[in-house]
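Data block below; observations after.
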Amino acid sequence: MLIREFVDRDWPQVWPIIEEVIRAQETFPYDPAMTVEQSYGMWVEAAPARTVVAVDGERVLGTAKMGANRPGPGAHVSTASFMVAADARGRGVGTALCRDALTWARRQGYAGMQFNAVAESNSSAIRLYLREGFEVVGTVPGAFRHPILGRVGLHVMYQEF
């Protein structure tokens, strides 16, 4: 598996991953009615931020985006988001993408990385983030409407560099 910069020819493989994740409404607080055009604008970051893909040969297994968590006085803290194709989960793709984002953020001189909205029901992501050095710094109770579990909390997770 190789992680590399996203290029436009990747979009036909990235979009189905994003579409599946947002339509499932189980992990990301994105509008499930988001169009392909809206998704592109939301996911593909302009420099100095970054969007990457994890590939096996020509196949995109997952994708990540990363950049400043907030503008202005909050721009010293980074953030990142990760999505992995359903049939590639459990194979280390998310871990590789997370490690890549952390390495990139450190090289860019960020003071830390913050995840703003990790559904507390997303146990595999939480285990990954904890294993990679993040901690839950707060939880907004009932802030995420899971399609099966109902309202669950959204964790704010942070790692200081």
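Just the heavy atoms: all of them, side chains too, but no hydrogens, waters or symmetry mates, feed the values below. Computed from a predicted model, the values in this text were never measured in an experiment.
In this structure, the side chains of Glu132 and Arg99 come closer than 4.5 Å at one or more pairs of heavy atoms. Using a 4.5 Å heavy-atom cutoff, the side chains of His155 and Phe115 are not in contact. Within the 4.5 Å cutoff, side-chain heavy atoms of Phe6 are placed close to those of Val53. With a 4.5 Å cut-off on side-chain heavy atoms, Met113 and Val77 do not count as touching. Residues Met34 and Met42 form a side-chain contact, since some pair of their non-hydrogen atoms from C-beta on lies under 4.5 Å apart. In this structure the side chain of Ile17 never reaches within 4.5 angstrom of the side chain of Val84, judged on heavy atoms. Thr51 has its side chain out of reach of Glu5: every pair of non-hydrogen atoms, C-beta onward, lies at least 4.5 Å apart. Within the 4.5 Å cutoff, the side chain of Ser39 has heavy atoms near those of the Ile22 side chain.
For Phe161, there are no ring pair (Phe, Tyr, Trp, His ring centres under 6.0 Å) partners two or more places apart in sequence or in a different chain. The side-chain hydrogen bond (donor to acceptor under 3.5 Å, both in side chains) search around Gln38 returns Thr35, not counting sequence neighbours.
Around atom CZ of Arg106, more than 12 heavy atoms belonging to other residues, nucleotides or ligands sit under 6.0 Å away. At most 12 non-hydrogen atoms from other residues, nucleotides or ligands lie less than 6.0 angstrom from CZ of Arg9. Heavy atoms from other residues, nucleotides or ligands lying under 6.0 Å from CD of Glu58 number 12 at most.
Summarising the geometry of Tyr129 relative to Cys98, their closest heavy-atom pair is CD2-SG, 4.2 Å, with the distance given to 0.1 Å. Taking both residues in full, the closest heavy atoms of Glu45 and Met66 are given as CG-O, 4.2 Å, listed atom of the first, atom of the second, then distance. Counting all heavy atoms, side chain and backbone alike, Pro147 lies closest to Ala24 at CG-O, 3.4 Å. Nearest heavy atom pair, residue Thr27 against residue Pro29, reads O-CD, 4.0 Å. The minimum heavy-atom distance linking Leu97 with Phe82 is given by the pair O-CE2, 3.5 Å. In terms of heavy-atom proximity, Thr79 sits nearest to Gln114 at OG1-O, 2.7 Å.
Here the straight-line distance linking atom CG of Leu128 with atom OG of Ser123 works out to 11.5 Å at 0.5 Å rounding.
Hydrophobic clustering (side-chain heavy atoms under 4.5 Å, transitive across Ile, Leu, Val, Met, Phe, Trp, Tyr) groups Leu2 together with Val14. Ile126 and Val140 sit in two unconnected hydrophobic clusters of ILVMFWY residues. Membership requires side-chain heavy atoms under 4.5 Å apart, directly or through other members.
Looking at Arg4 and Asp10, a side-chain N of the basic residue comes within less than 4.0 Å of a carboxylate O on the acidic one, giving a salt bridge.
A donor atom on one side chain and an acceptor atom on the other are not found under 3.5 Å apart for Glu120 and Asn122. For Ser124 and Arg89, the side-chain atoms include no donor-acceptor pair closer than 3.5 Å. Looking at Tyr40 and Asp8, their side chains do bring a donor and an acceptor atom within 3.5 Å of each other.
Between Trp104 and Tyr110, a ring centre-to-centre spacing shorter than 6.0 Å is recorded.
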